[in-house]
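All remarks here apply to the structure that follows.
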Amino acid sequence: MIQQKAGKQPKVSNRVYLLLIVLLSLAIIALAVIFLKDSAASANLNDLPNYTEIKGKFVAEGLKYEKQPHLGSPDAKVKVMEFADFKCPACKTWEEENMERFQKDFIDTGKVELFFTNFPFIDRDSIMAASAGEAIFAQSNEKFWEFKRELYANQGKESEIWATSEFLLDFVKNNIDGIDYERFAKDLKDRTYMLPVKEDFKTAGYYGVNGTPQFMVNGELLPSSSYEDLVAAIEAQLSTENEQP
């Protein structure tokens, strides 16, 4: 039998070792980035409120017009309540496509008084954004509507946590003038207006609100959020008022 001599094992070149080290380093960096992003997201989530943490007494029954941000004449025959979530893309669309003409045709003409009620249901940062709006409203009804318009214009993705305390503090500082910023920052940090947000949410649910945007016209919740259906409901109420002796 002829025996074959064992061949020498091929040497791995320095170039291959270098390539392996680079690939391993890249993998470690990628894992570190993922870990840091997850840690940051967890930290942000831990900083956000949930409804079970918000303590205090309130009554869900009864539409609390006197507690809500409002636009228009108190003498208007039609009261429209808007239920919204600042993270809701459909609310942003309604604001941008309909709010200007709604104000021109119904609010400025004295036909409608518009009220806003929070229904923060998308995520925990929805609650934080709503509490920021309440903190602005506590200082100025007029500035609340500016906050509402500008926050929708700067809305992040529905699927992401973006309405954090850090974001809201920077947003208000850079976009909303004419308020006591230090007071706002303290109210946001101390969660001063979380209970009114929870009261809004529970009251809306009591009356059948299950998404956003939704509208109520003189106490009647509309099945649709379309501009045309809202106008029709308002016109019907105005016609009823005109028919009364």
Side-chain angles (χ1 to χ4, degrees), residues 44-72 74 78-92 94-95 99 112-141 143-145 147-148 151-152 155-156 158-159 161-165 167-168 184 186-225 229-230 233:
N44 284 338
L45 193 60
N46 289 335
D47 185 47
L48 295 172
N50 63 60
Y51 285 117
T52 59
E53 294 173 346
I54 302 171
K55 307 298 183 181
K57 294 182 179 180
F58 62 87
V59 178
E61 185 177 1
L63 295 171
K64 304 164 183 69
Y65 291 103
E66 72 283 358
K67 290 186 175 183
Q68 311 307 128
H70 56 94
L71 280 178
V78 179
K79 310 295 183 185
V80 173
M81 187 78 80
E82 175 186 2
F83 300 93
D85 184 323
F86 287 117
K87 287 193 67 175
C88 167
C91 296
K92 170 185 170 73
W94 204 99
E95 175 78 18
M99 186 59 192
V112 165
E113 186 178 14
L114 176 66
F115 299 84
F116 179 91
T117 295
N118 295 294
F119 190 68
F121 75 102
I122 291 176
D123 214 324
R124 287 168 60 178
D125 56 331
S126 297
I127 306 173
M128 185 64 79
S131 73
E134 290 288 337
I136 295 290
F137 173 56
Q139 294 195 40
S140 169
N141 177 68
K143 288 298 177 180
F144 168 82
W145 296 96
F147 170 86
K148 174 176 177 277
L151 190 57
Y152 280 134
Q155 187 184 74
E158 181 183 11
S159 59
I161 299 295
W162 58 268
T164 60
S165 295
F167 170 87
L168 291 163
F184 168 79
K186 185 176 187 305
D187 285 339
L188 192 68
K189 180 181 178 181
D190 294 346
R191 303 190 173 187
T192 305
Y193 295 100
M194 288 294 177
L195 187 59
V197 172
K198 184 173 182 177
E199 183 177 20
D200 274 3
F201 178 76
K202 293 294 186 179
T203 300
Y206 177 87
Y207 284 96
V209 176
N210 57 12
T212 54
Q214 282 192 268
F215 297 90
M216 186 177 279
V217 176
N218 282 354
E220 295 293 329
L221 188 65
L222 304 186
S224 163
S225 63
D229 287 347
L230 176 59

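We use all heavy atoms of the structure for the numbers below, so side chains are in, but hydrogens, waters and symmetry mates are not.
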(request) Indicate yes or no for a side-chain donor-acceptor contact from Asp200 to the backbone of Thr117 under 3.5 Å, with no hydrogens or angles considered. (result)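 Judged by distance alone, no pair lies under 3.5 Å.
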
(request) Keeping the roles fixed (side chain from Asp85, backbone from Ile122), state whether a donor-acceptor pair exists under 3.5 Å. (result)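 Yes: the side chain of Asp85 pairs with the backbone of Ile122.
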
Do [X] and [Y] come within less than 4.5 Å of each other through their side chains, counting heavy atoms only?
X: Ile54; Y: Arg191; result: no
X: Ile127; Y: Glu53; result: no
X: Phe115; Y: His70; result: yes
X: Tyr65; Y: Met81; result: yes
X: Leu221; Y: Phe83; result: yes
X: Gln155; Y: Glu95; result: no
X: Tyr152; Y: Phe86; result: yes

(message) Checking Thr192 against Asp190 for the side-chain hydrogen bond (donor to acceptor under 3.5 Å, both in side chains) test, could you report, in this order, the C-alpha distance in whole Å, the side-chain angles of both residues, the deciding distance, and whether it holds?
(response) CA-CA 5 Å; Thr192 305; Asp190 294 346; 4.8 Å; no

Shortest non-hydrogen contact between [X] and [Y], atoms and distance:
X: Asp47; Y: Ser165; result: OD2-OG, 3.5 Å
X: Thr164; Y: Met128; result: C-CG, 4.3 Å
X: Leu151; Y: Ala129; result: CD2-CB, 4.3 Å
X: Ala84; Y: Cys91; result: CB-SG, 3.8 Å
X: Ala138; Y: Tyr193; result: CB-OH, 3.2 Å

Please list every donor-acceptor pair under 3.5 Å in which a side-chain atom of residues 202-209 meets a protein atom from a residue at least two apart or in another chain.
| unit_1 | atom_1 | unit_2 | atom_2 | d |
| --- | --- | --- | --- | --- |
| Thr203 | OG1 | Ala60 | O | 3.2 |
| Thr203 | OG1 | Lys64 | NZ | 3.2 |
| Thr203 | OG1 | Glu199 | O | 2.7 |
| Tyr207 | OH | Gly62 | N | 2.8 |

(message) What verdict does the side chain to side chain contact (heavy atoms under 4.5 Å, CB included) test give for Ile161 and Phe167, after you've listed the backbone C-alpha separation in whole Å, the side-chain angles of each residue and the deciding distance to 0.1 Å?
(response) CA-CA 10 Å; Ile161 299 295; Phe167 170 87; over 6 Å; no

(message) Once rounded to the nearest 0.5 Å, what's the spacing between atom CH2 of Trp94 and atom CZ of Phe215?
(response)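 Rounded to the nearest 0.5 Å, the CH2-CZ separation comes to 4.0 Å.
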
(message) Before you tell me yes or no, could you show the steps for Met216 and Leu63 under side chain to side chain contact (heavy atoms under 4.5 Å, CB included), namely the whole-Å CA-CA distance, both residues' side-chain angles and the distance that decides it to 0.1 Å?
(response) CA-CA 10 Å; Met216 186 177 279; Leu63 295 171; 3.4 Å; yes

(request) Check side-chain contact (heavy atoms from CB on, under 4.5 Å) between Ala130 and all other residues, then give those that pass, not counting sequence neighbours. (result)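 Applying side-chain contact (heavy atoms from CB on, under 4.5 Å) to Ala130 gives Asn118, Pro120, Val197.
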
(request) Would you please test Leu230 and Ser225 for side chain to side chain contact (heavy atoms under 4.5 Å, CB included) and show each step? (result) CA-CA 7 Å; Leu230 176 59; Ser225 63; over 6 Å; no

(message) Taking salt bridge (Lys or Arg N to Asp or Glu O under 4.0 Å) as the definition, give me every residue that meets it alongside Glu134, ordered by chain and number, with sequence neighbours left out.
(response)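 Testing Glu134 for salt bridge (Lys or Arg N to Asp or Glu O under 4.0 Å), a comparison that skips the adjacent residues, returns none.
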
(request) Verify side chain to side chain contact (heavy atoms under 4.5 Å, CB included) between Leu114 and Met99, making sure each step is shown before the conclusion. (result) CA-CA 11 Å; Leu114 176 66; Met99 186 59 192; 3.6 Å; yes

(request) Determine, for Lys87 against Glu158, whether the closest basic-nitrogen to carboxylate-oxygen distance falls under 4.0 angstrom. (result)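 Glu158 and Lys87: not salt-bridged.
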
